[in-house]
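Take a look at the structure set out below.
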Amino acid sequence: MTTTCSTLKQWCDAVEQASAELSTVALGLDGIDVSDWDDKLPVGSQGSYIPVVSDNSAVHIGVVSNKEGCVELTRMLLGMEPDEELSQDDVTDAMGEVVNILAGAVKTVLAEAFSNLILGLPIVIDGRLVTTEQQVHYRATAKLGPAEIELLILLEREKSED
Amino acid sequence: MKILIVDDSKTMRMIVKRTLRQAGFGDHEVEEAGNGAEALKAIEASLPGLVLADWNMPEMNGIELLEALNEKGIKVDFGFVTSEGTPEMRQRAKDAGALFLIAKPFTADTFQQQLGEVIA
């Protein structure tokens with residue numbers, strides 16, 4: 001990521017800030033360590049994405065992990081013990097809420113910089129992300145408790161560059 | 001008092017119920033609805049003391065629910081529990097008649113502060 005990509009940097013910084021709030025307030029953790037951002041596709045194949053759109057931008061924010069990581073995130077969000085049973089529906093629903101909470105916090109952080117941001121409804125994916133040439137993606141890794149996750153930002157290519 | 005929780009996420013409805021208990025409001029009857037349309041029918045059938053609604057929901061979102069209640073002349077204490085916490089959304093909620101907007105993620109302390117005056 002170059003220093004001329006100020007729009008992308010704003011989004012990355014906002015996602016980092018929002019992930020700290022997610023980890024401490026929603027999940028009851030001490031915080032989160034987010035790695036540097038790179039342009040690799042996520043390794044994890046299970047996760048949730050949410051669109052954040054405005055008049056002149058369309059961004060997807062994602063939280064990706066593996067099956068075990070998604071289960072751990074669900075347990076933390078619901079305050080459940082390790083031996084409590086979870087259905088796939090519970091995990092799907094919880095992952096949608098995780099990215100919803102994250103995106104809401106991102107929207108608040110960016111409210112001054114980007115007016116009229118609108119959150120869409122989250123989608124939960126089981127499969128690898130495939131991007132097009134018109135899209136730019138950036139990824140950072142982090143750990144939320146025992147869950148290894150990847151934070152993802154997907155933007156239209158011309159909107160990521162100054 | 002009957003509290004109606006409106007959210008398309010079962011997970012979030014569980015979290016709101018848990019936080020109500022943690023905030024000391026666990027003695028109140030709780031009902032649930034999965035979107036604004038379901039909530040409107042439930043409210044028309046039996047008026048709750050308080051509605052806690054998410055904003056973004058399919059079929060009928062939270063602000064549409066509040067506006068529908070206003071249009072029908074149904075008076076009910078209404079608050080948002082939502083990921084939408086910007087000043088603009090807070091103002092829009094207030095203008096529509098919401099008593100408060102609690103932004104996710106939230107704590108039991110936040111529920112105590114915001115709901116304490118309503119559930120008195």
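A note on names: the letters A, B, ... follow the listed sequences, proteins ahead of strands, and every chain is numbered from 1.
Contacts with chain B were tallied for A:Leu22, A:Leu117, A:Leu78; A:Leu78 has the most, counting heavy-atom pairs under 4.5 Å.
For the side chain to side chain donor-acceptor pair (under 3.5 Å) with B:Thr11, the qualifying choice from A:Thr74, A:Thr92, A:Asp93, A:Asp89 is A:Asp93, the only one to do so.
Atom OG of residue A:Ser48 and atom NE2 of residue A:His60 lie 11.5 Å apart, to the nearest 0.5 angstrom. How far NZ of B:Lys41 is from OG of B:Ser46: 16.0 Å, rounded to the nearest 0.5 Å. Put simply, CG on A:Leu121 and CG on A:Asn100 are 8.0 Å apart, with the number rounded to the nearest 0.5 Å.
Applying the salt bridge (Lys or Arg N to Asp or Glu O under 4.0 Å) test to residues at least two apart or on different chains, none of the pairs has a partner in residues 58-85 of chain A.
Of residues 80-95 of chain B, those residues with a non-hydrogen atom less than 4.5 Å from any non-hydrogen atom of chain A are, in numerical order, B:Ser83, B:Glu84, B:Gly85, B:Thr86, B:Glu88, B:Met89.
By the 4.0 Å N-to-carboxylate-O rule, A:Glu133 lies too far from A:Arg157 to be salt-bridged with it. Using a 4.0 Å cut-off between charged nitrogen and carboxylate oxygen, B:Lys10 and B:Glu32 do not count as a salt-bridge pair.
Contacts between B:Met12 and chain A at a heavy-atom distance below 4.5 Å involve backbone atoms as well as side-chain atoms. Within the 4.5 angstrom heavy-atom criterion, atoms from both the backbone and the side chain of A:Glu21 approach chain B. In this structure, no portion of A:Ile118 lies under 4.5 Å from any heavy atom of chain B.
Using a 4.5 Å cut-off on side-chain heavy atoms (C-beta onward), A:Ser54 and A:Phe114 make no contact.
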